[in-house]
Engineer: 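One structure coming up, written as C-alpha cells, with questions to follow.
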Amino acid sequence: MTWQGLLDAYRDYLPFAGDIRIISLNEGNTPLIQADRLSGLIAPGAGLQLYLKYEGLNPTGSFKDRGMTAAITQAVYEGARSVICASTGNTAASAAAYAARAGLRCVVLVPEGKIALGKLAACLAYGAEVIAVEGSFDDALNLVRQIVERQPIALVNSINPWRLEGQKTGAFEICDQLGGRAPEWHCLPVGNAGNITAYWMGYRQYGRGLPRLLGAQAAGAAPIVEGRVVERPETVATAIRIGNPARWQQALQALDESDGIITAVTDAEILDCWRLLASQEGVFVEPASAAGLAALRQQIALGAIDPAGKTAVVVLTGHGLKDPGVAVEQARRPRSLPAEVEALERYLVNRE
Ligand code: AN7
C-alpha cells in the first residue's frame with residue numbers, strides 16, 4: 001500500500017472526526033538510519049545500537065510537518081480561513097506549505113535577522129506573509145497569543161493541541177521501525193518543548209514500552225536546564241533560540257515520568273556533532289538537529305548514561321539545507337583550479 005501521510009497511517013490513534021478531510025503532503029515515514037560509525041565514536045566497544053530518525057526528509061524539511069498536517073486539517077474542519085504562527089523558521093515554512101495546500105491565508109512572525117535562509121526562502125515561495133518582528137521568538141509568540149484573542153485567525157504553534165497529536169506519530173514510527181519496541185533512550189533538541197511533549201504522549205499511547213528521554217538545549221538558550229527564563233537567548237542553532245518555552249511544564253513532567261535528563265550543550269559541541277553526522281554517516285542536518293547527539297555523547301562521557309548494549313534513537317529534526325549560511329561558514333573554501341587535466345592530476349596526487 002502506498003504511504004498517504006501519517007494521519008492516514010495512524011488514523012485509529014488520532015482523535016479526528018470521522019468525516020474529516022485530511023490536508024497532507026504525504027509527510028512522515030521518515031527513515032531510521034543505523035549509525036554504527038557514530039556509535040563507535042561516542043561509545044567505543046559498548047555495543048550501543050544508535051539510530052538516527054531523519055526528520056529532515058519530511059516535505060518541508062523538518063519534523064514540523066507532522067504537527068502541521070494535523071493542525072491545518074483541524075483548522076480547515078473548524079472553518080478557519082487564516083492561520084498564524086510565531087517561528088524560528090521551521091514552523092513557519094511548514095505552516096506556509098500546508099496553508100497553501102489548503103487555500104488558507106498564512107501569516108508568520110519571525111525574529112528579525114535570526115531565521116536561517118532556507119526557511120525564509122521556503123516561507124516566501126509558499127506565499128506566506130512574512131513579518132520580521134523586532135525582537136526574539138518569545139516576543140513574536142506573545143504577539144501571536146494576543147492577536148488570536150482579538151481576530152478570527154487560527155494559531156498553529158505547538159500550543160495548539162493538534163500539533164502534538166500529529167507529532168506524537170514520530171514515536172509510533174520509531175517503535176514500528178525497531179520491530180515493535182521503544183528504544184532505551186530517546187534523544188532530541190528542545191526549544192519550545194512541543195516535540196518532547198508530543199513524543200512522550202506517543203510512546204505512552206502506543207504501548208510498546210517507554211524510553212528514557214534525553215533533552216538537549218543550547219547553552220545560550222537553556223531555560224529549562226537553568227530553571228529560569230532566558231531574556232536574550234543566543235546560539236548558532238537558531239531553531240532553538242528560545243528563552244521561555246511554551247510547553248515548559250509538560251516537558252518537565254515528561255522528563256520526570258520517563259526518568260529522563262535535560263542538559264545544555266555548547267555551540268562548539270553542537271557544531272562538532274553536526275560535522276560528525278555529515279562526515280561520518282552522510283547525514284546532513286541543520287545545527288539544532290545535532291544537539292540531541294551532542295547531549296548523548298556528553299552524558300555518556302560523564303558516565304550519566306551507560307551505553308552498553310542499549311538502543312538509542314536520536315531525532316534529527318531538520319535538514320541541513322535549511323541553514324546553508326552556517327554550513328558554508330563552517331566549511332573549508334572550495335579549491336579553484338584551471339580547467340586542465342594536468343592541474344587536476346597534480347592536485348589528486350599531491351593535494352597541493
Ligand atoms: C530543527 O520553528 O520552534 O522543542 O518556530 O526547528 O518542539 O520547539 C522550531 C523548533 C528542534 C525544537 N529542531 O522543537 C519553530 C521552532 C528544529 C526546530 C526544534 C525546532 P520544540
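Keep in mind that what you see is a predicted model, and the values were worked out from it rather than measured.
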Engineer: Take Ile147 and Ile84, measure what side-chain contact (heavy atoms from CB on, under 4.5 Å) needs, and give me the verdict at the end.
Structural biologist: CA-CA 9 Å; Ile147 202 70; Ile84 192 166; 3.9 Å; yes

Engineer: Regarding His186 and Tyr199, is there a side-chain donor-to-acceptor distance under 3.5 Å anywhere?
Structural biologist: no

Engineer: Under 3.5 Å, is there a donor-acceptor pair linking the side chains of Thr317 and Ser62?
Structural biologist: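 Side chains of Thr317 and Ser62: no pair found under 3.5 Å.
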
Engineer: Rounded to the nearest 0.5 Å, how far does OG1 of Thr30 lie from CG of Leu57?
Structural biologist: 7.0 Å

Engineer: Side-chain contact test, heavy atoms from C-beta onward, threshold under 4.5 Å: evaluate it for Arg247 versus Asn192 and give yes or no.
Structural biologist: no

Engineer: Checking Asp36 against Ser39: is there a side-chain donor and acceptor pair closer than 3.5 Å?
Structural biologist: no

Engineer: Can you tell me how far apart CG (Asn142) and OG (Ser136) are? Round to the nearest 0.5 Å.
Structural biologist: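 OG of Ser136 is found 8.0 Å from CG of Asn142.
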
Engineer: If you look at every heavy atom in Trp274 and Val326, which pair is closest and at what distance?
Structural biologist: CH2-O, 4.3 Å

Engineer: Between Gln74 and Asn160, do the side chains contain an N or O donor and an N or O acceptor separated by less than 3.5 Å?
Structural biologist: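 Per modelled atom types, Gln74 and Asn160 side chains form no pair under 3.5 Å.
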
Engineer: Is it the case that one hydrophobic cluster holds both Leu109 and Ile153, taking links as side-chain heavy atoms less than 4.5 Å apart, direct or via other members?
Structural biologist: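 Yes, Leu109 and Ile153 fall within the same hydrophobic cluster.
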
Engineer: Applying the 4.5 Å side-chain criterion to the ILVMFWY set and letting contacts propagate, would Val190 and Val315 be lumped into a single cluster?
Structural biologist: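 Yes.
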
Engineer: Quick one: CG on Leu7 to CD1 on Ile72, what's the gap to the nearest 0.5 Å?
Structural biologist: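 Between atom CG of Leu7 and atom CD1 of Ile72 there are 11.5 Å.
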
Engineer: Looking at every heavy atom in both Asp138 and Pro233, which two are closest together, and how far apart are they?
Structural biologist: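 Closest pair (atom of Asp138, atom of Pro233, distance): OD2-CG, 4.1 Å.
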
Engineer: Can you spot which of Glu165, Glu173, Glu27 makes a salt bridge (charged side-chain N to carboxylate O under 4.0 Å, His left out) with Arg66?
Structural biologist: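 The option that passes is Glu173.
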
Engineer: Minimum heavy-atom separation for Ala294 and Glu269, please, with both atom names.
Structural biologist: CB-O, 3.9 Å

Engineer: Does the side chain of Tyr54 pick up a donor-acceptor pair with the side chain of Glu281 at under 3.5 Å?
Structural biologist: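 Checked: Tyr54/Glu281 side chains show no N/O donor-acceptor pair below 3.5 Å.
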
Engineer: Rounded to the nearest 0.5 Å, what separates atom CG in Leu293 from atom CG in Leu188?
Structural biologist: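 Going from the CG atom of Leu293 to the CG atom of Leu188 covers 12.5 Å.
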
Engineer: If you take all heavy atoms of Leu213 and Ser258, which pair is closest and at what distance?
Structural biologist: N-OG, 3.2 Å

Engineer: Taking C-beta and beyond as the side chain, do Ser289 and Phe284 meet within less than 4.5 Å on heavy atoms?
Structural biologist: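 The answer is no, as the side chains (C-beta and beyond) never meet within the 4.5 Å cut-off.
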
Engineer: Compare every heavy atom of Ala251 with every heavy atom of Ile196, then report the nearest pair and how far apart it is.
Structural biologist: CG2-CB, 3.8 Å

Engineer: For the OG atom of Ser158 and the NZ atom of Lys64, what is their distance to the nearest 0.5 Å?
Structural biologist: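 Result: 6.0 Å between the selected atoms.
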
Engineer: Decide yes or no on side-chain contact (heavy atoms from CB on, under 4.5 Å) for Tyr206 and Ile174, but give the supporting numbers first.
Structural biologist: CA-CA 11 Å; Tyr206 214 43; Ile174 289 170; over 6 Å; no

Engineer: Taking a hydrophobic cluster as the set of Ile, Leu, Val, Met, Phe, Trp and Tyr residues connected by side-chain heavy atoms closer than 4.5 Å, whether directly or through intermediates, do Val76 and Val148 fall within one such cluster?
Structural biologist: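 As far as the 4.5 Å side-chain criterion goes, Val148 and Val76 are not connected within one cluster.
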
Engineer: Could you tell me whether the side chain of Pro223 reaches within less than 4.5 Å of the side chain of Val229, counting heavy atoms only?
Structural biologist: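 No - every pair of side-chain heavy atoms lies 4.5 Å or more apart.
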
Engineer: Heavy-atom distance under 4.5 Å between the side chains of Glu55 and Leu316, does that happen here?
Structural biologist: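 Answer no - side chains too far apart.
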
Engineer: Using a 4.5 Å cut-off on heavy atoms from C-beta on, say whether the side chain of Thr69 contacts that of Thr73.
Structural biologist: yes

Engineer: Tell me whether Gln250 contacts the main-chain N or O of Ala198 through its side chain, where contact means a donor paired with an acceptor under 3.5 Å.
Structural biologist: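 Judged by distance alone, no pair lies under 3.5 Å.
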
Engineer: Would Leu38 and Ile305 show up in the same hydrophobic cluster when neighbours are defined by side-chain heavy atoms closer than 4.5 Å?
Structural biologist: yes

Engineer: Is the closest side-chain heavy-atom distance between Lys168 and Leu14 below 4.5 Å?
Structural biologist: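 Yes; the side chains approach each other to less than 4.5 Å.
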
Engineer: If you compare all heavy atoms of Cys123 against all heavy atoms of Gly89, which two are closest, and at what distance to 0.1 Å?
Structural biologist: SG-O, 4.5 Å

Engineer: Going from CZ on Arg181 to CG on Asp176, what distance comes out if it is rounded to the nearest 0.5 angstrom?
Structural biologist: 12.5 Å

Engineer: Decide side-chain contact (heavy atoms from CB on, under 4.5 Å) for Phe16 and Trp162; before the verdict, give the C-alpha distance in whole Å, the side-chain angles of both, and the deciding distance to 0.1 Å.
Structural biologist: CA-CA 9 Å; Phe16 287 105; Trp162 292 96; 3.3 Å; yes

Engineer: Between Leu255 and Trp200, is any pair of side-chain heavy atoms under 4.5 Å apart?
Structural biologist: no

Engineer: Run the side-chain contact (heavy atoms from CB on, under 4.5 Å) test on Met68 and Thr60 for me, step by step, so that the C-alpha distance in whole Å, both residues' side-chain angles and the decisive distance to 0.1 Å come before the verdict.
Structural biologist: CA-CA 10 Å; Met68 209 53 74; Thr60 78; over 6 Å; no

Engineer: Spell out, as yes or no, whether a donor-acceptor pair under 3.5 Å connects the side chain of Arg297 to the backbone of Ile42.
Structural biologist: no

Engineer: Look at the aromatic rings of Tyr13 and Phe172 and report parallel, tilted or perpendicular, splitting at 30° and 60°.
Structural biologist: tilted

Engineer: For a quick check under 3.5 Å, do Arg163 and Gln167 share a side-chain donor-acceptor pair by atom type?
Structural biologist: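 Checked: Arg163/Gln167 side chains pair up, N/O donor to acceptor below 3.5 Å.
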
Engineer: Shared ILVMFWY cluster between Val313 and Ile262, side chains joined below 4.5 angstrom?
Structural biologist: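 Both belong to a single hydrophobic cluster.
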
Engineer: Within a strict 4.5 Å, meaning less than it, do heavy atoms of the Arg11 and Ile20 side chains meet?
Structural biologist: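 Side chain of Arg11 against side chain of Ile20, heavy atoms only: contact under 4.5 Å found.
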
Engineer: Between Thr311 (side chain only) and Glu184 (backbone N and O only), is there a donor and an acceptor less than 3.5 Å apart?
Structural biologist: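 Judged by distance alone, no pair lies under 3.5 Å.
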
